[in-house]
Structures are given as structure tokens and as C-alpha cells.
Amino acid sequence: MMPDLGAFLAMGGYGAYVWSAYAITGLILGLLVVATLRARRSMRASLDQAEQASPRRRTR
Amino acid sequence: MAKALHRLANPARFLRIASPLLPWIAAGAAVCSGAGLWFGLVDSPPDYQQGDAARIMYVHVPAAWNALAGYAGLAIASAVALVWRHPLALVAARCIAPVGACFTVIAIATGSIWGHPMWGTWWVWDARLTSVVVLLFLYLGYIALLQAFDEQETGERAATVLALIGAVNLPVIKFSVDWWNTLHQPASILRFGGPSIDPAMLLPLMLMAGGFTLLFAYLVIIRMQTELARRRVMALRRAALAVSQPNDA
Amino acid sequence: MVDTSKTSAHMTDPAGASSDALVVSDLSCVRGERELFSGVSFAVPSGCILLVTGPNGSGKSSLLRILAGLLDATAGSYRPPERGTFTRPVGYLGHANSIKIRLTVRENLRFWARLARAEPAVEPILQRVGLGRFMDLPAGWLSAGQLRRLALSQLMIADSRLWLLDEPAANLDSGGESVLQKELARHRSAGGCAVVTSPTDIEMTDARRFELAGQ
Amino acid sequence: MVDTSKTSAHMTDPAGASSDALVVSDLSCVRGERELFSGVSFAVPSGCILLVTGPNGSGKSSLLRILAGLLDATAGSYRPPERGTFTRPVGYLGHANSIKIRLTVRENLRFWARLARAEPAVEPILQRVGLGRFMDLPAGWLSAGQLRRLALSQLMIADSRLWLLDEPAANLDSGGESVLQKELARHRSAGGCAVVTSPTDIEMTDARRFELAGQ
Amino acid sequence: MTFFRAVVERDLKLYMRGVVDLIGVWMFFGIAIAMLPLSIGPDPDILSRIAPGAAWAIALLASMLSLERVFAPDQLDGSLDLLLLHAPSPHVLVLAKSFAHWLVTGLPFVVLAPVAAIALGMEVRGVLPLAGALLIGTPALSLIGTLGAALTAPLRRGGILAALIVLPQTIPVLIFGTAAVSETLMGRDPGAHFSVLGAFTLAALALAPYAGNAALRAVRS
Amino acid sequence: MTFFRAVVERDLKLYMRGVVDLIGVWMFFGIAIAMLPLSIGPDPDILSRIAPGAAWAIALLASMLSLERVFAPDQLDGSLDLLLLHAPSPHVLVLAKSFAHWLVTGLPFVVLAPVAAIALGMEVRGVLPLAGALLIGTPALSLIGTLGAALTAPLRRGGILAALIVLPQTIPVLIFGTAAVSETLMGRDPGAHFSVLGAFTLAALALAPYAGNAALRAVRS
Ligand code: HEM
Ligand SMILES: Nc1ncnc2c1ncn2[C@@H]1O[C@H](COP(=O)(O)OP(=O)(O)OP(=O)(O)O)[C@@H](O)[C@H]1O
Ligand SMILES: Nc1ncnc2c1ncn2[C@@H]1O[C@H](COP(=O)(O)OP(=O)(O)OP(=O)(O)O)[C@@H](O)[C@H]1O
Ligand SMILES: [Mg+2]
Ligand SMILES: [Mg+2]
């Protein structure tokens, strides 16, 4: 199915356009997913911390 | 405190229901987009008119659809929040906004890239393009207002009112812009496609649209989980704060 | 979370209070997710002054803003007195003076007089608070205590039954304080009532007291 | 124009005062074409507190602003004390609190600490004024008295020899007032001096007094 | 009605006392108009074509620029509390505030903009439609703008945010307002456009008090 | 220098505290650019010709819009007194204030304005001149603007006249800034315009601290 990687990448002369469109989409969505997951992870960490510290102690 | 607990009750139920669904949604998004990419980039014919440039469509159009649907979701959530005072609706609205804005940016960026080979320019002030820009600003305005207040609740109430004003106005804006364009613009914009899309192109388009929509849902739910966790953290911190006060004068 | 309320402070039975009294029942207030007070109940009949004291941050201002309708209570209810022979039911003087520095002293007061539909005899009132000589100066030139006097005169001209005064004596000299006392006496003898806050326990003849404990 | 000065208030001979004293000679001030005071002379040596009283509008704030270099006197002169072992010669706390409501309490204080080149140990000072629990809240959430405490801590961190305090106790509760007294005592025992205004005659142990008569 | 008049008159007085800011707004208008020939070049044909649109755009920006003065100062010095306390209903307050804002930022442009447009070379028969369109359309700008101002009232620097959230909502006014003029200039009947513009303003007039009330309640805390 | 850095960093933090707020300025710019075609029509030819001028006008507007934040808030809450008390000299304060203002309202436009101009259809070879002109010219806007801000801080009328004298000084910046770009686009040498622009900024840099100092003294009375 991949006889000619070069032709595939060239996209009939529109390669730069097509690939940059996909790249931008991938980049934005990738960053969004990573940021979203990271935020959840760090928030869960602080939740654990806060729950351990409560109800009597300050969490600093 | 009892009231605060009561307010957490609904979100807790939400978490119980949504969390187990997440892996399935993620898998669905991955499968749909993967298959969409395969059919879109490899296993579909180039468009007879636009050649391979038409493959941009498989990211552009789903992103644009999601951007539009996102604002509808935002407005509905805001209306629910305002009318039924459902706390979860506020959380949903606030979490939809950034995701929707990102999809709007993608639609604009990919459309712009597509426009260069097709129209010979990155941008024209045509009705649809202009209204997408306006949509982006509606999202950004909502986010900005949401963040502008020290007290989160105040920001939420303000942004809710704004979302509803925007929702009432959106059709009017859309109509005006369309109308404005048809009046002024006999512009030389090539219009592509029409309704008759080759089924070989329709399949990847639909797959990608499904994948993007699932991804949208996935992101929103995770953000809601994060937001709910953040609220609990704040509540716990404040409760702790109210109990201990060793060194105060 | 600590329960800070002094629910013992019922002064009359709220249910039986006459309609010319401010009746507060079981009010509580949460701000910034911290409970300031809860279960606050009292009544202030006409002719009566309630002095609300409590340390900084105990919620005195929040309580007053709730009574003025400017802030929503978290729970509980209150009923302002009917206006009776007065023009308006409720008047309010907050920490901020509500003064436009670009207008003159007279213009400032005249505006509030118009809003309150009081006859615009602002001069005698300015005389009473000791601003007679400053009437035509821009309010931005007033000293801190003079600004407070001007803010007080706004309340005096509005002719409301219930006065809500948030630390009215802040920045006032002894002359200003006696003006305040005199006006409060005049107000109560006309059948008005008032809630006055103060961070320290001040002298106020014949006033009931209510303490917010803070935490 | 009325001469309102109390020139009798020389406390030491200005000419012979040592360089660690604030020396004021024959100061007068005209604002808005009205003379507020004239011929004001006094000295405040280190370890000494001067309490300036006077009715509203008598010119207390104007005097303090002159001493801080924020306002030009119409006539007369003054010499702030040398900084000696302190970081700065003069510190000032006006009616306004100089607080940014969008920054947190800690951030507010840290900025003033930086400007004063003080080491940024803001936490202990916030504890001392009773804001320990509020350090990470936006300053806009503070109550009136809490804001005043924060403004006071700005002065404390700057480590100036001469403190100029314009009605520092406004809005403070009794806890706040005792913090203020304690800090003043600490300051004077470190060799500092202070000019404090008040519209009413307040208790201040071991302070000299100066009255602006007003008109 | 007493309340309405009292508030409008006071606001006018205050706008006039702080006249620097206003002059700033009008000056911006002047500069922007003067800039146009500079950047487009003095081609009279192009200048006259864009004249009505430019006048509208600048009137719009100027109106948005001054939103900061509608509620924020009153919020800051405590007056808003008292205004709400005295208002027969918050709706009246919102209307009075919009009206005063319109008097200083909308109405002047009804006169100024045609002058500027003529200076840019617009045909004289465009004057009346332009003034008319502005007269009909600018109240909607002020009404919508007041909503933004209410939503950002407690913010120290809400002005830009207000402009930001309001501008997209004003697009219909801008489009129909401009079109009404250019239709006339092209010799067609602008009646329909004027009707739409009027309908929009009426709708804003009907809805703004409620939305403004909701906005004020939302941010008061 | 410590003082300078401390003030700049604090002001930046305050501008950023609503990052929103700052982003607000940029978004305002974006919307304002987007509104232009809506009012003067989507004709690419006209749009591309007014692009550099519009970018400059809106940069000016955004810069002027935020002047209110330079001194007024500090004056209002008493911080200005303390800043003056701590400043090694008032000149440093004026410079620090201008610099912070430029960082948030000038610098971003050096990047944003060319993007916007391209969106309006300006030829790509105009990008560098436009960015360059903005880089050279916007500091003058901030410096002159800071003066205006200092002059309008007091409540007495004295400031009005001064502000009216100061603010129009921004017009030459605008004119030469636009001209530098359009000259390039027309294929001519813009060197002279750039020199004049630079001279303006240098003069502003040299004079503003003194004028600003004088203005602040006037305020404090
Ligand atoms: C920056 C430029 C562009 C923007 C902001 C944009 C925006 C949008 C939006 C919002 C939609 C969804 C509209 C709907 O379904 O009702 C859409 C759909 C579409 N766009 Fe674009 N677009 C841009 C450029 C382009 C270009 C250059 C092309 C191709 C030459 C293109 C082709 C399409 C197609 C084929 C659809 C699907 C049409 C349909 O479902 O009816 N777009 N675009
Ligand atoms: N907008 C707000 N958001 C969150 N918390 C707030 C807000 N305003 C006030 N608070 C908090 O509520 C508490 C009570 O404030 P309030 O102003 O009612 O106190 P107070 O009794 O009037 O104090 P003071 O004597 O200092 O005026 C304070 O701890 C304050 O930090
Ligand atoms: N900027 C100004 N221009 C003209 N006159 C002013 C100005 N500021 C204050 N004044 C006047 O100067 C007088 C003294 O003001 P000042 O603020 O010094 O009084 P004060 O003694 O501090 O009073 P208070 O106890 O009320 O704070 C007042 O009568 C005031 O009207
Ligand atoms: Mg209070
Ligand atoms: Mg004073």
C-alpha cells in the first residue's frame, strides 16, 4: 500500500498545504489533550493532599 | 456546610456516571479518527477539481462543525444554569468554552491553509469566514469575562448572562453577515463541492467528524472532573482555614 | 467551620413584631466559602437603635449590605420596616462615601435629594453637618472627615425609616460624632430606627447591642 | 484669614536639635486659598511620638503630607531625621491604603518590601498584624479593618526611622488598635519616631501632643 | 421618571466634568478620519466610497471606548449601591445610564460623522441618510454597550473587556447602518434597511433593561 | 534600578492579573480589525490599501485606551504617594511606568499588527516595515501617553489643557509611521520617515521624564 512514500508526501503538489493543515490540527489538539490531562493529574494530587490534611490541618 | 455538601451531590453522581465512560469515549475517538485518517489520507481518491488539497476537508469541516456545536452546547448549558440553577451546568459551560475555542482556531487555520491554493489568498472577508471569526470572539469574550473576577461564582454568573445575550444575538449576527456579504460581495470565491460528495469522501469525513466529536466530549468531561476536583480542594482548604488560627492577634 | 452566631439575641419575638420594625430571622452569610455568621435573629422596632459590634472581618458590613438588599444572604430572612410617615423604608451609608469628587458639595447632595424625592433644601442640612462653608467647593477637596459628614448628610436628606450605618464615625472628629449622635436622636424620636456598626464598643446612649463574634 | 497656629508647641529648640530628630520650623500651609495653619514648629526626637489632633479639616493630613514630601509647604521648613540604623528616613501611611485589590495580600506586601529593599520576610509581619490566615486571598476580599491592617504592615516592613501615620486606627477593632500600639512601642524602642494624627483625642501612652485648632 | 431624569442629568454633568476623556474620544475620531486619506492615498473615489463605513466604524469604536464610565465609577465610590437602593426598579437605572451614554457618545456623532464623511468626499445626498441611520442605530449601540458595562462594573479595568464582549454583538447595527447609507448613495431605496435598523434598536430597548438587570445582579456580591 | 525593575514587574503583574485584561487589549485589536471590513465592505483592494493605516490607528487607540491604567489607579488608592516616596527620583518612576505600559500595549502590536494587516490583505513585503515602524514608534506613544495620563490624574481643570496639548503629539508618530510603510509598499525609500520616527521617540524619551515629573508635581497638590 506504500509503494511510493514520496508521492504520498507530495500529495499531488499540495503536500505543504495538506501536511501543515494536519500538523496544525494535531498540534493544537495534542497540546489541548496534554494540558487537559496534566491539569487533571495535578489537581487530583492536590485533592489527595488536601483530603489528607483535612479536616483539622491547614494544607499550607 | 450541609448546603455545600448538597451542592456536591449532583456533581458526585455525574462523576460516578461519567468516569467509567471515559475510556470508551477515548477509544471511540481514537478508532474513529484513526480510521478517518487512513481513509482520508491514503485510501480515498483525490478530488477531481481540487486534487489532494481536498484532503484538508477531513480536518477542516469536522473542526468547524464542532466549533459551532460547541457554542450551542455552551448556550444551552448557560440557559440551564440560569433557569434551573443546576450547578453542573455552570461547570459544563465553563469547560466547553476553551475546547470550543480551540476547535474554532483549527477551523480557521485549516480553512486559511486550504484557501491559499484554492482562492489564491489566505483570507477573504466572506460571510462564512467572518462569522467564524465572530464566533471565536464570542468564545474568547466568554472566557475573558469568566476569568475576570476574583470570585469565581461572580465570574460564572456574569459569563452566563453574556452567553445568553450572545446566543440570542448569534442568529441575528449570522443572518446579518450573510446578508451583508451577498449585498456587497460578488467576490471571486471559488465555491467547492456542493451537496453531492463522493461517498469515498463522505466516509472519512463522517469518521473524522465522529472522532472529533468524541474527542470534544472526552476533553470536556476531563475538564469537568478537574474543575470539580478543584472546587473540592478549595472547599477543603477554606474549611481548614476556618478551623485553625493559631498566630492571629 | 465554626458556628459564630449569637442566636440568643432575639430582642422581641420576630413573629409578633409590629410592621414598623426591622425583623431579622436566622440569617446566615457565607463569603468566599467562609461562613461569617449564621442564625442571626433580632428585631429593631421603631425608635430603637441597634449597635452591631464585632472584630474586623466578623461580617458587620456584610450583614448591613444584606439588610440593604445589596447582598444575598445565604440563608434566613429579614423584613425591613414599612415606611410609615417616612419617604422611604431603608437608607444606607457604607464604608464608601458615594461622593463624586468632580461635583461640588452642594451638587453631590442635591443629586441624592432629587433621587430621594426630598425637597431640595440641601443648605440647612449641610449647615447641620458642618459643611456650610464648603458648599461650593469640589468634593474632591474635602478632608477625610468632611467627606464622611457629606456622606452622612446624604442619608439625612433621604428621610428613610431604617438607617443602616456602617462605621459612620470613621474619620469623624468629636464635633462630627456629636452631630451624628444628635441626628440619630432626632431620627429615633421621629419614629425611625437604625442599625449602626462599629469595630470597637462605642458609647451610644440607649442603644441595644448585638455582637458578631468573628472567629 | 485666621491665624490658627499654636506656635507654643516647640518641644526642643529646633536649632539645637540633634540630627536624629524631625525638626519643623514655622511651617504654614494654604490650600484652596484658605490658610490651614501657619507658624507650626516642633521637633520629634528619636524614641518619641507626636500625636497631632484637631478637628476635621484642620490640616492634619496636609501637615503629614508636607512632612512626607508629598505636598509643598507654603512657608517654613522642616528637616526629616537622618536614617541612622534604619533603612529609610521616612515612611508614610495615609488615609488611602495603597492596596491593589487584584493582588493577594502577600503579593501586595511583597512589592512594598521590594521597593523598600527590605528582606522579603512578609509572612511574620502579616502574622503580627493578624492577617496570617488571609495571605493568599485577593486583597479585594478584605474587610475595611483588614485593609487597614495590611496598610500598616506596609509601613512596618519598610523600616523607616520616621513614621507618619494619618489616622492609623480608622476602621480598626480593639485587637487592631493594640497591634498598632505594640508596633509603635517596638518602633520607638528601636530608636524610631512617629507623627500620628487623630481627629479625636485618643489614648497614646507617653506621647507628646500637638493640636491644630482649625477654624 | 424623576429618578430617570435625575440620573441622566447627573451623568451628563459628570461626563462634562471629566471632559478630557470625552475630548479624547472625539479627538480619536478626528485623528482616525484624518488618517484615512494618509493611508489610502488621496484617491477621492475610494475615499468617498468608504466614507460612510468609516464614519460608522469610528462612531462604534468611540462609543465602546467610553463604556468604562457608565457603571464602574459608581461602583468604585459606592454610588451604585445607593442608586440601586433608590431606583424604582433596576430597569430604570439601566435605561437612564444608557440614555446618558448615548447623549454624549451617540448623539454627537449624528452631527460629527456626516461632517467627517463630507470631508472625506462623500456625496452630499448621503448626509441625511447617514445622520438618520446614526440617529436610529446608535441608541442600540449604547443599550448593548451598557450591558457590557454592567457585566464588568466591579472590575477596575473593565473598559476594554466591556468593549470586547460588546463589539461582536453590535455587528448587525454596523452592517445595516452602513448599508442604509450606501444603498441611498447607489440610488436604491434604503427603506428596508432603516426598518431593520429601527427594529434592532427597538428590540434592544425592550430587552436591555432585563438583561442589564440580570447583569447587575450577577456581578453584585 | 531595583526600583525600576520592581515597578515594572509589579505593573506587569497588575496588567496581567487580568491576563484576561491584557489579552483584552489584543482581542480588542482583533475585533476592531474584524469590524473594519464589516463597515467599509469586503473589497480586498480597498482593504489592503488602508491596512497599514488601520493597524497604526488601532494600535494608537489601544495604547490610549489603557492610559487610564498608568497613574490613575495608583493615585486613587494612594499607591502613587508611596511610589513617589520610595522612588530614587520621580523620573525613574515615569520611565518605569512608560516602559511597563509599552511592554503590554506597544510591543504586542509589533507582532500583531502585521498579522492583522496581512489579514486585511496588505502585501507581505509590507510586514517588516510595519513591524519596524511600530517598534520604533510605539515607545513614543507610551511616553507621550504617560505624560497625558499624569496630567489628567488630578481633578482640577489644569490638566485638561495640558492633556489636550500633549495627546495630539501622537499624530506625527502616526503619520510618519503610516507613511514609512506605504512608501515601502509604493516602492520608494522609507529611510527618511524612519529617521523622523526615531527622532520623535528619542526626543520623547529625553523629555518625558522631566515633563512627567512636572506633571506629577502638579497632581500632588
Ligand atoms: C479561514 C477560512 C475558512 C473558515 C473560517 C471556514 C469555516 C467553515 C465553517 C464554519 C464550516 C461549517 C459550516 C456549516 O457546516 O454550515 C465550513 C465548512 C466547509 N468548508 Fe470552510 N472555512 C474556511 C475556508 C474554507 C476553504 C478554503 C474551503 C475550500 C475551498 C472550505 C471548504 C469547506 C467545506 C467543503 C465545508 C463543508 C460544507 C458543508 O458542510 O456544507 N472552507 N467552513
Ligand atoms: N467579596 C468578598 N468575597 C469574599 N470574601 C469577602 C468579600 N468581602 C468580604 N469578604 C470577607 O468577609 C469577611 C467579613 O467582611 P466584612 O466586610 O463584612 O467585615 P466587617 O465586620 O465589616 O469588618 P470591618 O470591621 O473590618 O469593616 C472578611 O473576612 C472578608 O475577608
Ligand atoms: N486638594 C485640595 N485643594 C484645596 N483644598 C484642599 C485640598 N485638599 C484638602 N483641602 C482642604 O484643606 C483642609 C484640610 O484638609 P486635611 O485633609 O489636611 O484635613 P484633616 O485635618 O486631615 O481633616 P480630617 O480629620 O477630616 O482628615 C480641608 O478644609 C480641605 O477642604
Ligand atoms: Mg466593615
Ligand atoms: Mg485627614
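Worth saying up front: this structure is predicted, and the values here are computed from it rather than measured.
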Q) Taking all non-hydrogen atoms of both residues, which atom of L215(B) and which atom of V33(A) are closest, and how far apart? A)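 Here L215(B) and V33(A) meet closest at CD1-CG2, 4.1 Å.
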Q.
Within the structure provided, determine whether M43(A) and E227(B) are in side-chain contact (heavy-atom separation under 4.5 Å).
A.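 Of all side-chain heavy-atom pairs linking E227(B) with M43(A), none is under 4.5 Å.
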Q) Among V59(B), I56(B), I113(B), which residue meets the side chain to side chain contact (heavy atoms under 4.5 Å, CB included) test with V18(A)? A)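 Answer after filtering V59(B), I56(B), I113(B): I56(B).
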Q | With R40(A) via salt bridge (Lys or Arg N to Asp or Glu O under 4.0 Å) - residues at least two apart | A |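 Partners of R40(A) under the salt bridge (Lys or Arg N to Asp or Glu O under 4.0 Å) test: none.
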Q: Determine whether L32(A) and R223(B) make a side-chain contact, defined as any pair of heavy atoms from C-beta on separated by less than 4.5 Å.
A: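 Heavy-atom side-chain distance check passes, below 4.5 Å.
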Q. Going from CZ on R232(B) to OG on S46(A), what distance comes out if it is rounded to the nearest 0.5 angstrom?
A.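 So the CZ of R232(B) and the OG of S46(A) are separated by 12.5 Å.
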Q. CG of L47(A) to OG1 of T226(B): how many Å apart, nearest 0.5 Å?
A.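 Interatomic distance, L47(A) CG to T226(B) OG1, rounded to 0.5 Å: 11.0 Å.
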Q: Please round to the nearest 0.5 Å and tell me the distance separating atom CD1 of I106(B) and atom CD1 of I28(A).
A: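 Reported value, rounded in 0.5 Å steps: 4.5 Å.
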Q | Note, T110(B) side chain near Y22(A) side chain (heavy atom, < 4.5 Å) | A |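 In short, these two side chains do not touch, never coming nearer than 4.5 Å.
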Q: Measure the OG1-CD1 distance between T36(A) and I222(B) for me, rounded to the nearest 0.5 Å.
A: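 Here the interatomic distance stands at 7.0 Å.
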Q.
Counting only non-hydrogen atoms closer than 4.5 Å, can you tell me which residues of residues 92-105 of chain B sit against chain A?
A.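 Residues V99(B), C102(B), F103(B), V105(B) are the ones that qualify, each having a heavy atom under 4.5 Å from chain A.
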Q) In Å and rounded to the nearest 0.5 Å, what is the CZ to CG distance from F216(B) to L29(A)? A)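 Between atom CZ of F216(B) and atom CG of L29(A) there are 11.0 Å.
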